[in-house]
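To start, the structure under review is shown below, and the notes come after it.
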Amino acid sequence: MSRYAAMFERLGREGALGAFVTLGDPDLQTSAGLLDALVAGGADMIEVGIPFSDPVADGPVIQAAALRALNAGVRVADCFELIAGFRAKHPEVPVGILTYANLVVARAGFMRDAAEAGAESLLIADVPALEAERFTREMDQAGIEPVLIAAANTPDATLGRIAGLAKAYTYCVSRVGITGTHADGEFDGELIERLEKAGAPPPIFGFGISRPEHVRAAIRAGARGVICGSAIVDLASRGGNVTELVRSLKAATRNDSGPQ
Amino acid sequence: MRLSGRFGRFGGCHVPEILVPALEQLEAAFLDAQQDSTFATELGELLTHYAGRPTPLTRCRNLAGNIYLKREDLLHGGAHKTNQVLAQGLLAKRMGKTRLIAETGAGQHGVATAIVGALLGFETVIFMGAEDVERQQLNVFRMRLMGAEVIPVESGGRTLKDAINEALRDWSASFETTHYLLGTAAGPHPFPTMVRDFQRVIGREARAQMIEQVGRLPDAVIACVGGGSNAIGLFADFIGDDVRLIGVEAAGKGLGGAEHGATLLRGMPGILHGAETYVLQNGDGQVTDTWSVSAGLDYPAVGPEHAHLKDSGRAEYVGATDAEALAAFKALATGEGILCAFESAHALAHALKLAEREPDSAILVGLSGRGDKDVAQAEQLLGPSA
């Protein structure tokens with residue numbers, strides 16, 4: 001059983017809390033410590049960004065994080081080492097990579113290296129379902145689970161395609177925009193129903209999750225989990241207590257697990 | 001998508017999922033417009049009575065060899081950009097959009113978009129690298145005069161590539177009301193196909209003018225390549241002919257170093273801004289900074305059809321350095337009384353080399369834009385006595 005499947009089984013009706021950070025931000029050592037801090041706060045799954053020079057799907061906070069890492073000289077190989085180090089310490093926690101297509105095509109054996117480092121899944125932000133097959137085929141061969149994005153404006157036919165190609169979870173975007181977009185607490189239950197009908201992997205909401213009430217609203221809308229990124233990265237960059245933030249978000253995944 | 005959007009192995013639609021429906025809507029509007037004679041009629045009227053088409057074909061009287069210039073510098077707006085901006089503006093109307101966004105480097109595409117925004121009544125927002133805003137204040141003022149809002153982009157290297165990133169980010173949140181009026185034949189499908197088709201009027205006219213004025217096709221067709229829209233527009237109708245097609249990239253301070261914009265000559269296949277194409281990048285796939293004296297050629301990717309024309313061998317790509325372009329700029333000014341854009345001067349620089357080797361060859365050069373925007377920089381580089 002994959003680490004994601006084991007995680008969903010363990011959690012039952014409780015929502016999964018995914019915590020995102022950019023690898024190598026602001027340097028390799030700090031970044032490694034931050035990953036541990038996320039687990040200490042109770043993160044169920046870790047999502048890591050491999051920094052890219054032109055992150056078009058990201059808002060200012062994650063852009064700045066990528067820039068800090070690249071300015072510190074962080075290479076893709078360093079990111080795989082960080083993942084391997086994390087994997088050695090935390091054998092059960094699923095690790096998903098979020099990055100951009102140019103880094104993947106530039107490195108022969110990217111998927112294999114990711115799998116060997118101990119990553120569980122890969123989401124390529126600028127590869128929509130339309131272009132995904134050549135990438136997901138390679139991921140399948142390497143033993144990396146593909147993750148694709150579904151948005152409120154994604155038609156049913158595309159959701160069907162996502163169901164056929166994706167494995168670990170479905171990264172849901174309930175509103176338009178980029179990462180860090182201010183959430184209005186509205187999560188799209190209809191998208192979740194449509195994904196379920198299509199037979200897609202479990203829906204997890206990203207983009208604009210920064211406070212416990214966002215987490216509760218997403219779980220209430222039927223999500224199997226949430227991913228918080230910009231709020232964590234922003235807090236870490238200001239020297240704040242990331243473990244505490246993660247703990248408060250994790251607590252919110254339990255609050256609505258019982259009947260209303 | 002109804003079309004493949006591929007040129008050989010290049011092209012495609014590599015954007016976040018959320019933008020795919022917007023690009024599908026654009027492709028549908030583009031294909032419908034092609035079947036609709038009212039669209040062709042309205043665009044034709046704008047190109048003729050507003051923009052000033054057809055543009056002349058001018059034989060150089062005093063430069064060596066046998067060089068013909070396709071004079072897009074005489075188009076309203078001062079460059080070939082106006083051709084496709086008018087067409088996309090009409091498409092945006094058909095789709096019911098009320099707002100235009102665009103990226104710009106030196107400001108030519110921003111000015112062209114501001115023109116169509118004023119003409120057709122759109123709210124217009126131009127993203128421009130903060131570095132470029134400082135360098136190109138005159139064009140910034142031009143855009144503002146025509147009612148466009150200019151937003152300086154502070155991220156990354158603060159130039160064209162960062163302006164495109166920011167435009168894509170805006171569009172991810174605004175596509176319901178907003179058309180992204182991309183400025184070149186690059187980016188995700190359908191832009192490379194659509195912009196080429198809206199720019200092929202350049203080559204169609206030039207081909208007919210060569211036959212009418214010279215009595216034969218040219219031996220070589222030469223255009224500068226940044227994103228590549230003027231080059232693909234000039235090449236498109238010659239692809240089936242026995243004619244050499246030569247794209248000239250910015251060799252900047254020399255191809256031996258890193259300060260150039262020669263994507264096809266020095267880049268590797270990759271994926272940037274929606275397209276699989278050649279990209280200037282390091283071994284990890286991080287996109288590298290580019291350099292050219294001409295801001296319009298200062299871009300680390302290139303239109304995917306050029307990538308395919310290069311790999312298939314149908315077109316050849318060469319470089320011209322800053323110094324060679326500047327010398328050609330000056331030669332055209334003193335020899336023919338024409339101030340061309342620094343971008344176009346790259347094409348002319350290679351034409352002058354070719355004319356020296358082959359004085360009898362008929363060489364058609366795409367003079368993509370006029371040089372007013374570059375005059376202040378030319379004074380700096382050449383000195384006040386030139």
Side-chain angles (χ1 to χ4, degrees), chain A residues 50-60 63-64 66-67 69-70 74-79 99-107 110 123-132 134-135 148-155 158-159 161-162 170-181 207, chain B residues 1 4-6 9 11-25 153-157 161-178 187-189 267-277 279-289 300-301:
Chain A
I50 297 187
F52 178 51
S53 53
D54 294 84
V56 294
D58 285 306
Q63 285 176 49
L67 201 61
L70 293 174
V74 170
R75 305 285 310 266
V76 172
D78 298 325
C79 295
T99 195
Y100 288 85
N102 201 50
L103 297 188
V104 176
V105 297
R107 185 183 180 91
F110 186 101
L123 186 163
I124 309 173
D126 52 348
V127 173
L130 177 70
E131 298 283 356
R134 65 182 253 226
F135 294 97
L148 293 171
I149 290 186
N153 67 344
T154 307
T158 307
L159 297 186
R161 196 170 163 74
I162 290 169
T170 306
Y171 193 115
C172 296
V173 184
S174 68
R175 44 181 296 124
V176 295
I178 51 182
T179 61
T181 311
F207 286 27
Chain B
M1 293 288 180
S4 83
R6 290 271 167 186
R9 60 175 287 207
C13 188
H14 300 83
V15 293
E17 189 70 58
I18 198 151
L19 282 176
V20 172
L23 291 161
E24 282 177 336
Q25 181 193 23
V153 175
E154 299 285 353
S155 62
K161 137 180 120 70
D162 311 291
I164 295 176
N165 292 341
E166 213 50 41
L168 285 168
R169 289 178 188 124
D170 180 293
W171 205 32
S172 297
S174 66
F175 54 81
E176 280 176 22
T177 60
T178 299
H189 175 70
M268 294 285 288
I271 294 173
L272 185 65
H273 294 147
E276 185 154 20
T277 184
V279 178
L280 286 169
Q281 53 187 308
N282 70 17
D284 268 3
Q286 308 293 353
V287 180
T288 49
D289 288 330

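Please read all numbers here as calculations on a predicted model, not as lab measurements. Below, read A as the first sequence line, B as the second, and so on, with proteins coming before strands; counting in each chain starts at 1. What you see below is based on every heavy atom in this structure, not just the backbone, and it leaves out hydrogens, waters and symmetry mates.
- With B:Asn165 contributing its side chain and A:Val56 its backbone, the two residues share no donor-acceptor pair below 3.5 Å.
- In terms of modelled atom types and a separation under 3.5 Å, the side chain of B:Arg169 and the main chain of A:Asp58 share a donor-acceptor contact.
- Nearest heavy-atom pair across B:Gly285 and A:Ala106 is CA-CB, 3.6 Å.
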### Task
Could you walk me through whether B:Val287 and A:Asp54 pass the side-chain contact (heavy atoms from CB on, under 4.5 Å) test, one step at a time?
CA-CA 7 Å; B:Val287 180; A:Asp54 294 84; 3.3 Å; yes

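- Counting only distance, with no hydrogens or angles, the side chain of B:Glu17 and the backbone of A:Ala150 share no donor-acceptor pair below 3.5 Å.
- Contact annotation for A:Tyr171: neither backbone nor side-chain heavy atoms come within less than 4.5 Å of a heavy atom of chain B.
- Listed here is the closest heavy atom pair of B:Ile271 and A:Ala101: CD1-CB, 3.7 Å.
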**Test log, rule side-chain contact (heavy atoms from CB on, under 4.5 Å), inputs A:Glu131 and B:His189** = CA-CA 11 Å; A:Glu131 298 283 356; B:His189 175 70; over 6 Å; no

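- Remark: side-chain polar atoms of A:Asp126 are not paired, donor with acceptor, to backbone N or O of B:His14 under 3.5 angstrom.
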Practice problem: Evaluate the side-chain contact (heavy atoms from CB on, under 4.5 Å) criterion for residues B:Gln286 and A:Arg75: first the C-alpha distance (whole Å), next the side-chain angles of each, then the deciding distance (0.1 Å), finally the verdict. | Solution: CA-CA 9 Å; B:Gln286 308 293 353; A:Arg75 305 285 310 266; over 6 Å; no

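- Shown here for A:Asn102 and B:Gly270, the closest heavy-atom pair between the two residues is OD1-CA, 3.1 Å.
- Among the candidates B:Met1, B:Glu154, B:Arg6, B:Glu24, the residue making the largest number of heavy-atom pairs closer than 4.5 Å to chain A is B:Arg6.
- Options A:Asn153, A:Val76, A:Thr158, A:Val127 differ in how many heavy-atom pairs under 4.5 Å they form with chain B, and the most are formed by A:Asn153.
- For A:Pro60, no part lies near chain B; criterion is any non-hydrogen pair under 4.5 Å.
- With a 4.5 Å cut-off on non-hydrogen atoms, A:Ala129 touches chain B through its backbone and its side chain both.
- A:Val105 touches chain B through its side chain: at least one heavy atom from C-beta onward sits under 4.5 Å away, while N, CA, C and O do not.
- Of the two parts of A:Leu70, only the side chain, counted from C-beta on, holds a non-hydrogen atom closer than 4.5 Å to a non-hydrogen atom of chain B.
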